[in-house]
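For clarity, every value in this text was computed on a predicted model and none was experimentally measured. Residue numbers begin at 1 in each chain, while the letters A, B, ... track the order of the sequences.
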2 protein chains.
Amino acid sequence: MGELSRRSGVPIPTIKFYLREGLLPPGVATAANQADYDEEHLRRLRLIRALIDVGGVTVAGAREVVAALGTHADDPLDLLGAAQTAVEPRHRPDRDTPQWRAARERVTALIADRRWLIHPDSPAIDLVADALAAADSLGVDELLDKFGEYADTADRIAAVEVRAVLDRPDPASRMELVVLGTVLGEALLTSLRLLAHQHESARQLGGG
Amino acid sequence: MGELSRRSGVPIPTIKFYLREGLLPPGVATAANQADYDEEHLRRLRLIRALIDVGGVTVAGAREVVAALGTHADDPLDLLGAAQTAVEPRHRPDRDTPQWRAARERVTALIADRRWLIHPDSPAIDLVADALAAADSLGVDELLDKFGEYADTADRIAAVEVRAVLDRPDPASRMELVVLGTVLGEALLTSLRLLAHQHESARQLGGG
DNA sequence: CTGCTTTAGATAGCTACACTATCCACTCGA
DNA sequence: TCGAGTGGATAGTGTAGCTATCTAAAGCAG
């Protein structure tokens, strides 16, 4: 365990915590107080830290993701659902208002317009509605006006990402890319968007 | 205060909490235990809830944003910095490793390649490095391979967003759009990306 | 004027989350 | 043989974001 801690940078008490929580499978016991951890444990531990630290996933969410990685060994869409559930935000607005329901209606209509193939119960629809409802309550018309631009942009990067997943030959590693693509891809895209805001502000203002 | 609570959907104890924390300016006192709250208070309260609930911003981050909205009444780039700081994730990985510093070097090189005008101390650079370092530690080469696609995508939507801000005639409302665009735009883009993953999975797999 | 409700302001408490610390009985390794 | 390390169990910590309670003072219907 000491080696696992040193190679991963994760403190021993935290590793014990992850073992207790069922995020990390136990090592192979060689004695009452001795166990072996292999490269798979190291990799799993790094995956957990990537999900939690970079992706902002909760411990409970990470547990579900690794559980899904183990069970849905061949169904990419189920795993995608698990990964998407895991990246959902912790705080959510009040959805029990007429305004929110109206926003959700608009989202489903806009999706239908674009002929996107989406499961009607997908939680991601609610997340879009959250953003539009908030924009609406503050009179920010731009988000709705530019909905098409946002959707085109999202579709563009999603197409690249799905293609990358399908290009992976090995099924097990393909499953892992579904998860990591969802989580790390989001982190990369949002942080690059912040940089692009700086660049575009400077460019469009014609300054330095 | 009762009316403010009813119209915003925020419980009275929470409003009191926001007042204590300095997120919401106090009402105009009409007596020792009486104060008036106007439409501006309602709007501010909705802004706070949008930041916290939809954008996942912390209470401390929201306080800084509203403070910046008050003080930098004319400098969009300062305000952009405040908004970007506010949307940063709460948990961050260990950045004190050679691997992370190498990832950060790669990010600055890639930015230079693209001739993006970025302040070299921008915290967003570190966020990109976080994602690339995590991808690297797990052997996910795709994120680095597709870096250009991510950057193009981010630039594309950022250009639209900056344009929308500059199109706003009134300076005060333009400042507000900087904040709301940063926060709500991120929520909209990431949730649409999740939907697009579903759509593209179905489309590229040729299924329903 | 009476009595019920509401209010501002202050203080204290709560729940969830993600660890972190301590203890114990081992056991490995020099 | 002995000190550092281990696995397992139990308990404690710190932060964040509220939530509850109390007090004195209005407000408002009858």
| message | Regarding A:I12, tell me which of base, sugar-phosphate or nothing describes its non-hydrogen contacts under 4.0 Å with the strands shown. | response |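 If one applies the 4.0 Å heavy-atom cut-off, A:I12 turns out to touch the sugar-phosphate alone, with no base involved.
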
| query | Does A:R44 come within less than 4.0 Å of A:E176, counting only side-chain N to carboxylate O? | reply |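 A salt bridge is absent here (no side-chain N lies under 4.0 Å from a carboxylate O).
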
Nearest whole Å is fine: how far is [N] [atom2] from [X] [atom1]?
X     : N      : atom1 : atom2 : answer
B:E3  : C:dA8  : CD    : P     : 12 Å
A:E21 : C:dC17 : CD    : P     : 11 Å
A:M1  : C:dC28 : CE    : P     : 16 Å
A:L23 : C:dC17 : CG    : P     : 14 Å
B:L19 : C:dA8  : CG    : P     : 8 Å
B:K16 : C:dG13 : NZ    : C1'   : 15 Å
A:L4  : D:dT6  : CG    : P     : 10 Å

Taking only the side-chain nitrogens and oxygens of [X], find out if one of them lies under 4.0 Å from OP1 or OP2 of [N].
X     : N      : result
B:T14 : D:dG17 : no
B:Y37 : C:dA8  : yes
A:Y18 : C:dA18 : no

| request: Find out whether B:L42 and B:S8 are in side-chain contact, i.e. whether some heavy atom of one side chain is under 4.5 Å from a heavy atom of the other. | output: yes

| query | Would you call B:I125 and B:R104 a side-chain contact if the rule is heavy atoms closer than 4.5 Å? | reply |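 Of all side-chain heavy-atom pairs linking B:R104 with B:I125, at least one is under 4.5 Å.
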
| message | If you assign B:P11 and A:P26 each to the DNA chain D nucleotide with the nearest heavy atom, which residue ends up on the more 5' nucleotide? | response |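 Taking each residue's closest nucleotide, the earlier one in sequence belongs to A:P26.
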
| task | Find which nucleotide of DNA chain D each of B:V59 and B:Q34 is nearest to by heavy atoms, and output the residue with the more 5' nucleotide. | result |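 Its nearest nucleotide being more 5', the pick is B:V59.
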
In terms of side-chain heavy atoms of [X], which of [options] is nearest?
X     : options                : result
A:A32 : C:dC26, C:dT7, D:dG8   : C:dC26
A:N33 : D:dC18, D:dT6, D:dA20  : D:dT6
B:H91 : D:dT6, C:dA18, C:dT7   : C:dA18
B:R49 : C:dA18, D:dT10, D:dC18 : D:dC18

| field | base_contact_polar (C:dT15 base, A:R90 side chain, donor-acceptor, <3.5 Å) | value |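 By the distance-only test, no, there is no pair.
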
| said: Can you tell me whether the side chain of B:R6 and the base of C:dT6 have a donor-acceptor pair closer than 3.5 Å? | reply: no

| Residue mapping more 5' on DNA chain C - nearest nucleotide basis, B:A29 or A:F17 |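 Nearest-nucleotide comparison on DNA chain C picks B:A29.
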
| remark: Rounding to 0.5 Å, atoms CZ (B:R156) and OH (A:Y150) come to a distance of 12.0 Å

| Going through the checks in order, is the salt bridge (charged side-chain N to carboxylate O under 4.0 Å, His left out) test met by B:D96 and B:R101? | CA-CA 8 Å; B:D96 193 21; B:R101 281 187 287 273; 3.4 Å; yes

